Amino acid sequence: MAFVSHKGSDIDGHDGPSQLKQYMYIQSSLNKPNGYYLTALDNQVLNSPLTNDLLQFQLWCVQFYDGGKFTIASKGAQPQMMSSGSGKQLQLLRLEASSFPTPPGQLWTYQNVDSGSDGLIKATISPGNVLDIVGGSLSEGAQVQLYEQNGGPNQRFSFEPVWSYIRITGTDLVLEVDSNNQVICNTKSTSNDNQLWRLKYSWTDGNFQISAKSQQSMMMAYDSDLGLAVVHLSSGSTNIWKGDGNSVCTPRSHYLTTNGNTTAGSQVIISTTTHPLQLDLLPQI
């Protein structure tokens, strides 16, 4: 699904989405290591093991906003968003249609716990309330609600980004690592790990790193010798990126671009160009 940028003022004066959509599984800490994940079913959010028949409903589209806020939409039940409600209905976590401006009940923040991979998913409309598995149940299909924060394992979750294609919007071209570890655009293939990427977000500032499935110990970076490439980290490279609508740039606003050349095999570079690539993520599931 292509990302449509809604720039301008959002609810309560917040800016619109600032990042590419990222598809993720959301795993409960309560059931580790068995692997139970948040699942959208019948307008409810349940905690269930990954199942082939339900994968589309266990995959969530996370859209980042400025200020560390984000929305969470079910891929299988789009355009329905996870919503915290308000007032007396605050505990009734549910799915509801997305809209713009984004209602405050559809905005969330994430707080890591004990410097680990798990954390709390907090309702911005009521910061003292977080996602919570009802009664700490270990049963398959346990309901998820909002509840007062206590930091228990039934309130801790981790986000697991899935491998995705980074597509040039409106084309069949995706970003690819070539044999020289440089980044090019090429025709999408269903059997080429060089075209699969994963974004790792910083929950504090929304910046991210981009790793390639074919070379998972390496990151997309701007290297002083190679240009834009997939490299091991060194003092001569930078691997921190941010979103600007549906474009990707460095913190100094150098954008991913092909300078208008979108034929297969074209090299992707970074530049202060006025023609940045417009991109969207397609999950491989």
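From a predicted model like this one, the values you see are computed outputs, not experimental measurements.
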Closest approach of K122 to P127 (non-hydrogen atoms, all atoms of both residues): CE-O, 3.4 Å

Please say yes or no: joined through hydrophobic side-chain contacts below 4.5 Å, possibly via intermediate residues, are M220 and I168 part of one cluster? yes

Tell me, with the steps shown, if Y65 and F70 meet ring pair (Phe, Tyr, Trp, His ring centres under 6.0 Å). CA-CA 5 Å; Y65 284 61; F70 54 89; 9.4 Å; no

To the nearest 0.5 Å, what is the distance between CG on L93 and CE on M82? 5.5 Å

Set of residues satisfying salt bridge (Lys or Arg N to Asp or Glu O under 4.0 Å) with respect to K188, sequence neighbours excluded: none

With rounding to the nearest 0.5 Å, note down the distance linking CG in L95 to CD1 in I72. 10.5 Å

Hits for side chain to side chain donor-acceptor pair (under 3.5 Å) against Q267, two or more places apart or cross-chain, chain-then-number order -> none

Where do N194 and S214 land on the side-chain hydrogen bond (donor to acceptor under 3.5 Å, both in side chains) test, with the steps shown first? CA-CA 5 Å; N194 289 328; S214 59; 2.7 Å; yes

So N129 and S126, side-chain hydrogen bond (donor to acceptor under 3.5 Å, both in side chains) or not? Walk me through it. CA-CA 6 Å; N129 287 273; S126 179; 2.6 Å; yes

Non-neighbouring partners of Y165 that pass side chain to side chain donor-acceptor pair (under 3.5 Å), sequence neighbours left out: none

Contact check, side chains of V130 and Q155, non-hydrogen atoms, under 4.5 Å: yes

Take K242 and C249, measure what side chain to side chain contact (heavy atoms under 4.5 Å, CB included) needs, and give me the verdict at the end. CA-CA 6 Å; K242 68 176 184 177; C249 61; 3.5 Å; yes

Test side-chain contact (heavy atoms from CB on, under 4.5 Å) applied to S202 - qualifying residues, sequence neighbours left out: T204, D205

Is L228 reachable from L199 through a run of hydrophobic residues whose side-chain heavy atoms are each under 4.5 Å from the next? yes

Between atom OG of S211 and atom CZ of R198, what is the distance when rounded to the nearest 0.5 Å? 5.5 Å

Are V162 and Y25 close enough, and set up right, to give a side chain to side chain contact (heavy atoms under 4.5 Å, CB included), and what steps lead you there? CA-CA 7 Å; V162 300; Y25 295 113; 3.3 Å; yes

Can you tell me if D280 and T169 form a side-chain donor-acceptor pair at under 3.5 Å? yes

Pairs flagged by salt bridge (charged side-chain N to carboxylate O under 4.0 Å, His left out) wherever residues 127-137 is involved - sequence neighbours left out: none

On a heavy-atom basis, the closest approach of Q106 and A97 is NE2-O, 3.2 Å

With W108 as reference, evaluate L131, I125, L120 under the side chain to side chain contact (heavy atoms under 4.5 Å, CB included) test and give the passing residue. L131

Measuring from S74:OG to L59:CG, what's the distance to the nearest 0.5 Å? 8.5 Å

If Ile, Leu, Val, Met, Phe, Trp and Tyr residues are connected whenever their side-chain heavy atoms lie under 4.5 Å apart, and connections chain through other members, are M218 and I210 in the same group? yes

Cluster check F57, I133: I/L/V/M/F/W/Y, side chain < 4.5 angstrom: no

Enclosure of N52 CG (heavy-atom neighbours >12, cutoff 6.0 Å): no

Close side-chain approach of I166 to V174, heavy-atom, < 4.5 Å: no

Minimal non-hydrogen separation, T257 against H275, with atom names: OG1-O, 3.1 Å

For the CE atom of M24 and the CG atom of L38, what is their distance to the nearest 0.5 Å? 13.0 Å

Just checking, any donor-acceptor pair under 3.5 angstrom between side chains of S247 and Q278? yes

Hydrophobic clusters here meaning ILVMFWY residues chained together by side-chain heavy-atom distances under 4.5 Å, can you tell me if I184 and I270 are in one? no

Answer yes or no: is there a side-chain heavy-atom contact under 4.5 Å between N186 and N192? no

Sequence-distant partners of P49, side-chain contact (heavy atoms from CB on, under 4.5 Å), two or more places apart: Y36, E140

Does the side chain of T102 reach to within under 4.5 Å of the side chain of T71, using non-hydrogen atoms? yes

Give the minimum heavy-atom separation between L30 and G136, together with the two atoms involved. CD2-O, 3.4 Å

Pair Y37, E160 - check side chain to side chain contact (heavy atoms under 4.5 Å, CB included), show working. CA-CA 10 Å; Y37 295 80; E160 299 180 5; 3.4 Å; yes

Partner residues of Y110 under the ring pair (Phe, Tyr, Trp, His ring centres under 6.0 Å) criterion, sequence neighbours left out: F159, W203

Between Y222 and N239, does a side-chain hydrogen bond (donor to acceptor under 3.5 Å, both in side chains) hold up when you go through it step by step? CA-CA 7 Å; Y222 180 73; N239 70 330; over 6 Å; no

List in chain and number order the residues that pass side chain to side chain donor-acceptor pair (under 3.5 Å) with T39, two or more places apart in sequence or in another chain; answer none if no residue qualifies. Q58

For residues V177 and V183, determine if any side-chain heavy atom of one lies less than 4.5 Å from a side-chain heavy atom of the other. no

Closest non-hydrogen atom pair between T124 and P104, with its separation: OG1-O, 3.3 Å

Return yes if a side-chain donor-acceptor contact under 3.5 Å exists between E96 and N43, otherwise no. no

Could you verify whether a donor N or O on one side chain and an acceptor N or O on the other, from Y147 and N154, lie under 3.5 Å apart? no

Apply side chain to side chain contact (heavy atoms under 4.5 Å, CB included) to the pair I269 and T258, showing each step before the final yes or no. CA-CA 6 Å; I269 62 173; T258 57; over 6 Å; no

State, without any angle test, whether Q143 and Q44 hold a side-chain donor-acceptor pair at a distance under 3.5 Å. yes

Could you work out, with side-chain contact (heavy atoms from CB on, under 4.5 Å) as the rule, every residue matching K213, not counting sequence neighbours? W163, D193, L196, Q216, Q284

Separation between OG1 (T262) and CG (L277), nearest 0.5 Å, reads 8.5 Å

Would you tell me whether K75 and Q56 have side-chain atoms, one donor and one acceptor, within less than 3.5 Å of each other? yes

Taking side chain to side chain donor-acceptor pair (under 3.5 Å) as the definition, give me every residue that meets it alongside S266, ordered by chain and number, with sequence neighbours left out. N261, T263

Nearest heavy-atom contact between T187 and A264 is OG1-CB, 4.1 Å

Where at least one partner belongs to residues 260-274, residue pairs that pass salt bridge (charged side-chain N to carboxylate O under 4.0 Å, His left out), sequence neighbours excluded: none

All side-chain contact (heavy atoms from CB on, under 4.5 Å) counterparts of D118, not counting sequence neighbours: S29, K32, R156, S158

